[in-house]
Amino acid sequence: MLLNREVNVYPYQRKSVSENTIGYLKENGEIIDTQSSTDSCENCREISLDNSPEALEILRHSTAHLMAQAIRELYPDAQFFVGPVVDEGFYYDFRTSEKIGEEDLKKIEKKMKELVKKKLPIERYEISKAEAIEKFKNDDLKQAVLKNIPSETVSIYRQGDFEDLCRGPHVPNTRFLHNFKLTRVAGAYLGGDENAEMLTRIYGIAFADKEALKAWQKMMEEAKRRDHRKLGTEMELFMFNDEAGAGLPFWMPKGARLRSKLEQILWRSHRRRGYEPVRGPEILKAEMWRTSGHYACYGENMYLTEIDGQEYGLKPMNCIGHILIFKNSTKSYRDLPLKYFEYGVVHRHEKSGVLHGLLRVREFTQDDAHIFCTPEQIKPVVLEVVEFVDAVMKKFGFDYTMEISTKPDKAIGDDEVWEIATQALKDALDENALDYGIDEGGGAFYGPKIDVKITDAIGRKWQCGTIQVDFNLPERFDVEYVAEDNTRKRPVMIHRAILGSFERFIAILTEHYAGEFPLFLAPTQVIFVPIAEEHTPYARELADMLRAEEIDTEIYDRNDSLNKRIRMAEKQKVPYVVIVGDEEVKSRTVAIRDRRKKEQYNLSSDEFMLQLINELKEGKI
RNA sequence: GCUGAUAUAGCUCAGCUGGCUAGAGCACCUGAUUCGUAAUCAGGAGGUCGCGGGUUCGAGUCCCGCUAUCAGCUCCA
């Protein structure tokens, strides 16, 4: 937010109203700092030093500058690009002749603390852009920044003998900047351009008080504890193998149990909603991918090979299989909307640097469906899919947001059809009273879409589900149905995924539940701990009963102390640990440690069985 | 793909500036112990230190290449 006001008194510093005032919030939401405010700033709300979004915005921006100042003192030849505030703190991009590593962060932090102690006033003044260009003539990074500034005057902030081109806002004095932490050092392309020079970027975080900083650090530890890669190894859910290749997950028995449960739940919910299961081949002739446009638009990400002198491609998407199945026989308008679904295994050549546990892999399985319908049916079909998405998200307790992406500049199809489709998407959401954002011009070239983003346990957003309206592929593959008037018409295709992919979804689920999956998903649902050897047959008998109900159990009857076996069982994060001893055998009961209720109680074996069967019904979507 | 870092037993990690048969905890195996709600005791086995080359009298340690992972950038389910 660039300030258009004429505040060019130098050195000018308005006297703070209170010791704790670090800026003002204008009615239009604009934040100005004490250096910029004039007496005319009426109706402004004071921003004091706290953890409000406005205060943090100022605080973090100033901490970024403080860091720059410290870096300049430690590395005199440092040149700075930009240092903005981002969701998770702030960063500054810069260049030095010396390499900076993680171990240097402490040194920089120390220098920053020294500067804070000096209680340097942070002053602001304005100069013309021409003056600025002259002033920073030996600094090509600043020149690059200046090039992007449209206004004729620019502001400079000064603290001690450090000056930086900046639009602010800033706190009035470095003394406000006590609670910060430099988190990591990384490379970043100048201007985000892959082909440009790479600068050094240091990330940091800052808060108004020590408590907030501590709370943040705790949250980071919690995130680490929940990391699906860590839990996946500990719980033996999945693995990767260096020699087999990057981004190719292996599902171990426990992970496969979990995944299979999710697959089955979702399979049934599709069948209940009238989806027809289909399955296409994993590999198709390249010619198919030329027709679809993938070869041209997505070719770099495809794995191609040759069979008997013909080029083939592993499928990166499932659309073609479904289209060819649709086309295999003449379809009537009576067949529409026709919903084909498949757990489609796809391969995409993701760049090596973006692979990330199960969240980003090269082989994954989409819960993919394609719905063939008439343009008039788009709305009810989308409505139904949105309800489906909502049911799934609610089942797992996820917060999610939706975003509609509209027609981009480069698009195919009539404006009229785009209008119908986009409106249908909007109506579907409006009628469901669901909030959504709009990404103007963010749609695919073949149609508008709704993206579903899950907010995970630590606030990150992940694109999972998607609902895309497609006019393109039906055209390219000449897909038709026979209409009521016996003419041939072109159906619309709706691509949709609810989970997105099993891999990504399970990663998010794992972090969401911190590995403590609900009964209907848990890899192992019940662990029996017989107190002594003679109680094992009873445990086995119960385990067999449960297995008949497809409940996964384990018996911890090894030659270890009871305490140890209970401890091991608890560490497995299973919903129920069941202890059986003399009493239980005698009365045919079980002593339950219920993870969810965090309590212990006894039930007859029949009651327990019934409770489990009932609880499993929670897994119905 | 780019920048930087890392790679030692199934897992988590020690191993200083290059120097005898590479260590620990957990897991695993054997034996003793048979236990009422979060780690019983004793013994044992397990590593060509990611892979390939180089420097050196000597390399887990230094250098180069590759592979993989991590933090970002850029891009996506």
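Every chain is numbered from 1 and lettered A, B, ... according to where its sequence line falls, protein lines coming before strand lines.
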[M] and [N], which share atom name [atom1], separated by this distance in whole Å:
N     : M     : atom1 : value
B:C20 : B:G58 : P     : 15 Å
B:C16 : B:U8  : P     : 15 Å
B:G25 : B:A32 : P     : 24 Å
B:G65 : B:G1  : P     : 15 Å
B:C66 : B:A7  : C1'   : 13 Å
B:G18 : B:C11 : C1'   : 29 Å
B:G54 : B:A59 : C1'   : 11 Å
B:C29 : B:G46 : P     : 15 Å

Practice problem: Look at the aromatic rings of A:Phe396 and A:Phe398 and report parallel, tilted or perpendicular, splitting at 30° and 60°. | Solution: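 Geometry flag for A:Phe398 against A:Phe396: tilted rings.
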Self-check item: Set of salt bridge (Lys or Arg N to Asp or Glu O under 4.0 Å) partners for A:Lys351, sequence neighbours left out
Solution: A:Glu194
Exercise. Check salt bridge (Lys or Arg N to Asp or Glu O under 4.0 Å) between A:Glu503 and all other residues, then give those that pass, not counting sequence neighbours.
Key: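 Partners of A:Glu503 under the salt bridge (Lys or Arg N to Asp or Glu O under 4.0 Å) test: A:Arg259.
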Sequence neighbours excluded and cut-off under 3.5 Å, please list the side-chain donor-acceptor pairs for residues 464-472 of chain A, or say none.
residue	atom	partner	partner atom	Å
A:Thr466	OG1	A:Asp451	OD1	3.1
A:Thr466	OG1	A:Gln468	NE2	3.2
A:Gln468	OE1	A:Tyr446	OH	2.6
A:Asp470	OD1	A:Asn472	N	2.5
A:Asp470	OD1	A:Leu473	N	3.2
A:Asp470	OD2	A:His495	NE2	2.8
A:Asn472	OD1	A:Arg476	NE	3.0

Could you work out, with ring pair (Phe, Tyr, Trp, His ring centres under 6.0 Å) as the rule, every residue matching [X], not counting sequence neighbours?
X        : result
A:Tyr303 : A:His349
A:Phe341 : A:Trp267, A:His270
A:Phe528 : none

Quiz prompt | Under the side chain to side chain donor-acceptor pair (under 3.5 Å) test, residues paired with A:Lys142 that sit two or more places apart | solution =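 Result, side chain to side chain donor-acceptor pair (under 3.5 Å) vs A:Lys142: A:Asp164.
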Quiz item: Can you list every side chain to side chain donor-acceptor pair (under 3.5 Å) pair that touches residues 234-250 of chain A, not counting sequence neighbours?
Solution: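 Residue pairs with at least one partner in residues 234-250 of chain A: A:Lys230-A:Glu234.
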Quiz item: Any stems for RNA chain B, made of 3 or more Watson-Crick or G-U pairs in a row, each with both distances under 3.5 Å?
Solution: B:1-7 with B:67-73, B:10-13 with B:23-26, B:28-32 with B:40-44, B:50-54 with B:62-66
Base, sugar-phosphate alone, or nothing: which one does [X] contact when heavy atoms must sit under 4.0 Å apart?
X        : result
A:Glu300 : nothing
A:Arg496 : nothing
A:Ala569 : nothing

Roughly how many Å is it from [atom1] in [X] to [atom2] in [N], rounded to a whole number?
X        : N     : atom1 : atom2 : value
A:Tyr556 : B:U37 : OH    : C1'   : 15 Å
A:Glu236 : B:U12 : CD    : P     : 12 Å
A:Glu234 : B:G10 : CD    : P     : 17 Å

Quiz prompt | More than 12 heavy atoms of other groups within 6.0 Å of A:Glu533 CD | solution = no
Exercise. On RNA chain B, check which nucleotide each of A:Leu199 and A:Asn602 is closest to and give me the residue with the more 5' one.
Key: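 The residue mapped nearer the 5' terminus is A:Leu199.
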Enumerate all atom pairs, one protein N or O and one N or O from nucleotides 68-77 of chain B, separated by less than 3.5 Å.
residue	atom	partner	partner atom	Å
B:A68	O2'	A:Asp242	OD1	2.7
B:C70	OP1	A:Arg229	NH1	3.0
B:A71	OP1	A:Arg229	NH2	3.0
B:A71	OP2	A:Arg229	NH1	3.3
B:G72	OP1	A:Arg184	NH1	3.4
B:G72	OP1	A:Arg184	NH2	3.2
B:G72	O5'	A:Arg184	NE	3.3
B:G72	O3'	A:Tyr203	OH	3.1
B:C73	OP1	A:Tyr203	OH	3.4
B:C73	O4'	A:Gly187	O	3.4
B:C73	O2'	A:Tyr189	N	3.2
B:U74	O2'	A:Glu194	OE1	3.1
B:C75	O2	A:Arg360	NH1	3.3
B:C75	O2	A:Arg360	NH2	2.4
B:C75	N3	A:Arg360	NH1	3.2
B:C76	O2	A:Arg360	NE	3.1
B:C76	O2	A:Arg504	NH2	3.0
B:A77	O3'	A:Gln463	O	2.6
B:A77	O3'	A:Gln463	NE2	3.4
B:A77	O3'	A:Cys464	N	3.4
B:A77	O3'	A:Cys464	O	3.2
B:A77	O2'	A:Gln463	O	2.9
B:A77	O2'	A:Arg504	NH1	3.4
B:A77	N6	A:Val361	N	3.2
B:A77	N6	A:Val361	O	2.7
B:A77	N1	A:Val361	N	3.3
B:A77	N3	A:Ser501	OG	3.1

Self-check item: Closest nucleotide among B:U34, B:C29, B:G36 to the A:Arg558 side chain
Solution: B:C29
Exercise. Report the C-alpha distance between A:Glu516 and A:Arg595 in whole Å, list the side-chain angles of each, state the deciding distance to 0.1 Å, and finish with yes or no for salt bridge (charged side-chain N to carboxylate O under 4.0 Å, His left out).
Key: CA-CA 9 Å; A:Glu516 299 187 358; A:Arg595 190 196 64 209; 3.8 Å; yes
Practice problem: Determine, for nucleotides 38-48 of chain B in 5'-to-3' order, which nucleotides have protein heavy atoms under 4.0 Å from the base (write B), from only the sugar-phosphate (write S), or from neither (write -). | Solution: BBB--------
Enumerate, atom names and distances included, each donor-acceptor pair closer than 3.5 Å involving a side-chain atom of residues 567-579 of chain A, sequence neighbours excluded.
residue	atom	partner	partner atom	Å
A:Glu570	OE2	A:Arg593	NE	2.6
A:Glu570	OE2	A:Arg593	NH2	3.4
A:Tyr576	OH	A:Gln611	NE2	3.0
A:Tyr576	OH	A:Glu615	OE1	2.3

